Amino acid sequence: MLQNFGEAPAAAPADLIADTTTQGFMKDVIEASKTRPVLVDFWAPWCGPCKQLTPVLEKVVKAAKGKLKLVKMNIDEHPPIFQQIAQQMGIQSIPAVLAFVNGQPIDGFLGALPEKQITEFVERLIKDRVGGEEKDMLAAAEAALAEKDYAGAAEIFAHVLQQDSSSIQAMAGLARCYVGTGNVEQAKKTLQMVPEAKRNDTAVAAARAAIELAEQTKDLGPVADLEAKVAADPKDYQARFDLALALNAKGDRARATEHLIEIVRRDRKWNDDGARKQLVQLFDAWGPTDEATIEGRKRLSSVLFA
């Protein structure tokens, strides 16, 4: 059953992400690192990059499912420990992140790195994939969506969002599930969950394109009528264009591509290059790895550069 999913994820377990003090450093970091790696995030309230880095660190640590721990230390409140470690490790600025294993600092980095680099750092540290379960679930959801099992796909996407409310792929996938069931308005509301900075993400672009296509095709009429119009007049490009959209709505991507490419072949300038632009929108909606997208791009290129 499709629902609204915008709730925050459950808080991280107390032993997974925690703050520490000068007095607690031995227990929270040194002793704890003898059973699993511990990341120490040295930060301060006045440090802008620290505020950018800490949420990303927390996200990556949560995705590691308990294989390491994150401990945060405010250096303004607890300067002695930081001064000692900074001198030992040659640290001259924050944010600074150190990885402790078996009671010793073994690696680290300075500055607010991108999430991808932090994930790679953690994967090297724990010698395992981060977020593997989530990646597998997203792959399963995408497979269900491709089979038009909208309820099944939505259930998986929703589960991912309950674990990680910031998952852009899950938000976009859930929106596409709503489109598949005809609930375009709910699909739009779901995409509104996506932060402004992430709205050009590939998955979001695909969901947005699917919404636009659904709105374009709702009043096209039966496929048989459109096919009759094209058969009667092959140069009725609007009928051929509408037929392509209607075929796509029924899942016939190959024939949809064929009709739009035929318009491009016959009259590239028709409707201000409308057929080519529509193909690009279809490719966005299908996704870059879909076989119809890959084949369609090849065929379009052969026509454009013939």
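Remember, predicted model here, so these are calculated numbers, not experimental data.
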| message | Using the rule given for salt bridge (charged side-chain N to carboxylate O under 4.0 Å, His left out), can you reason through R253 versus E291, listing the C-alpha separation, both sets of side-chain angles and the distance that settles it, and then say yes or no? | response | CA-CA 10 Å; R253 296 178 175 179; E291 290 183 8; over 6 Å; no

| Looking at side-chain heavy atoms only, is the closest gap between L125 and V101 below 4.5 Å? | yes

| query | Salt bridge check: are K67 and E123 linked by an N-O gap of less than 4.0 Å? | reply | no

| Charged N to carboxylate O under 4.0 angstrom, K235 versus D267? | no

| Residues E142 and R176 bridged, charged N to O under 4.0 Å | yes

| message | Under a 3.5 Å distance rule, please check whether R199 uses its side chain to pair with a backbone N or O of V194 as donor and acceptor. | response | yes

| Separation between CE of M171 and CE of M193, rounded to the nearest 0.5 Å | 4.5 Å

| message | Keeping S33 on the side-chain end and V29 on the backbone end, is there a donor-acceptor pair under 3.5 Å? | response | yes

| task | Please indicate whether E147 has more than 12 foreign heavy atoms, meaning atoms of other residues, nucleotides or ligands, lying under 6.0 Å from its CD. | result | no

| said: For a salt bridge (charged side-chain N to carboxylate O under 4.0 Å, His left out) check, start with the C-alpha distance between K188 and E215, then their side-chain angles and the critical distance, and finish with the verdict. | reply: CA-CA 11 Å; K188 291 179 181 178; E215 292 182 324; 2.5 Å; yes

| Sequence-distant partners of R240, salt bridge (Lys or Arg N to Asp or Glu O under 4.0 Å), two or more places apart | none

| message | Given 3.5 Å as the limit, does a donor-acceptor pair link the side chain of D272 with the main chain of G274, or not? | response | no

| said: More than 12 heavy atoms of other residues, nucleotides or ligands under 6.0 Å from NZ of K277: yes or no? | reply: yes

| field | D201 and K198 ion-paired at < 4.0 Å | value | no

| Any chance CE of M26 has more than 12 other-residue heavy atoms, nucleotides or ligands included, within less than 6.0 Å? | no

| request: List in chain and number order the residues that pass salt bridge (Lys or Arg N to Asp or Glu O under 4.0 Å) with K116, two or more places apart in sequence or in another chain; answer none if no residue qualifies. | output: E120

| message | What I want to find out is whether R208 reaches D284 closely enough, with some N-O distance under 4.0 Å, to be called a salt bridge. | response | no

| query | Hey, what's the ring geometry for F25 with F100, parallel, tilted or perpendicular (30° and 60° as the breaks)? | reply | perpendicular

| said: Would you compute the distance between atom CG of D19 and atom CD of E77 and round it to the nearest 0.5 angstrom? | reply: 9.0 Å

| query | Is atom CG of D233 surrounded by more than 12 heavy atoms (other residues, nucleotides or ligands) closer than 6.0 Å? | reply | yes

| field | Main-chain N/O of T257 paired to R299 side chain as donor or acceptor, under 3.5 Å | value | no

